[in-house]
Amino acid sequence: MASFKGRSMMGVSGMRKHRTQLMESDGMAAGKSWLAAKVALAGLAMGAVMAVSGGAFATQSQPGKPDFSGMWLGSEIGQGPATVNGHKSTSWPHPAPLTEAGKKALANFNIKTDDPPERCLPWGFPRDVVFNFYPMQLFQTKKELLMLFEYEPIPRRIYLDGRDFPTDLPPQWFGYSIGHWDGDTLVVETKNIRGDNILTTSGLPQSAKMHVTERFTLLDGGKTLEVKVKAVDPVYYTKPLELTVYWGRSNVEQHEFVCVEGLDEQVNVPKSAQDDSIAKDLK
Amino acid sequence: MKKSVMFLAASIAVGAITPVVAHHSVVAYFDMKQDLVLKGEVDEWVFRAPHAVLKFVVKDDKGQLQLWRAETLPSNLLFRKGWRFNTLKKGDPVTVYGHPSLDTHRHAMVLSKVVLSDGRELNPMKKVDKPQ
């Protein structure tokens, strides 16, 4: 794992350099913008006060439409099926309606080499929306719904400004998501999904041609978030796959989850990185 | 190193499944059909992502010291269940329950529960009333 660590450190120093360059180009590092920065800070503080007095982000979402902003959590791990405020989440259909290509992909799946989170890469979409035992924070504006997953290094963005899908973007961990309103339900379409990721940790495949539709609806006076998910993937499945996930409003905090930091300690890394060196220390 | 560490027992039994639905699959790396119980002393409590790890030292039946690793949930999930970064301290006598690594040459296991010398039982899947 030594070479892996080395690459990580180079990455960090590279980021620092990039940030410094950005600051210099903005004039911040040169100290010219002290007054501008102070004014900006005052503006931020004012904005924060307004946000709190009006309910966080309430004034920024589309008027007359539900506001999904806030912290959400399903059931806690170890407490059985995810039932939230009396609503029970469902799973992908079992057995899955696999095509021949899907059966072959599942048969060839090796969790030790083919599951990106094993190497601390993202879980990605649509797996993220199914894991509701980690808190998920949503920020909603007129133009965007931003989703922060506690264990993911990157946020997911759902554009609400009427744009179309891009044609020149490589596949993304969360795909590319655009949303529109159907009454009080936010309908989100996602394409551009990574076909080298998997749908479930058990190895069900997903292709880059998968098209996912989610329907976000608030229930129980805003206490419950229902997400109905429908995935259509003609490469690997003969029929659309559907499930429903429920989240409850929560006051838990999200904390840091820096996966690569603890990777060397895990059982899935080469033994030489762990026990051999430690055994010497004990003698 | 104190001399109070001792090797307790490794027994075969049909163990309850302890799913670790985070980061990586349990069944790919651990033999969930075998129960393992080891008595030893805490060497280090690594409280972080993607899995917290309890490193502890046991003495085998030949008197040799062995360092073992017990993997459990990530610190984020444990924190909300009442565990803290200082719940386990170096030198604490512990009895560690779990399932061994499928790689039998590796002194590693997935944690089911840890019992402290004062009788407290900590199970990563159960919430405690107050932080430990």
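Residue numbering restarts at 1 for every chain, and letters A, B, ... go by the order of the sequence lines.
Note that CG of B/Asn76 is 11.5 Å distant from OH of A/Tyr151, once rounded to the nearest 0.5 Å. Distance CZ/A/Phe257 to CG/B/Leu77: 7.5 Å, rounded to 0.5 Å. One finds the SG atom of A/Cys259 at 11.0 Å from the CZ atom of B/Arg48 (value rounded to the nearest 0.5 Å).
In the displayed structure, A/Glu242 atom CD is contacted under 6.0 Å by more than 12 heavy atoms of other residues, nucleotides or ligands.
Nearest heavy-atom pair across B/Ala28 and A/Ile111 is CB-CG2, 3.3 Å.
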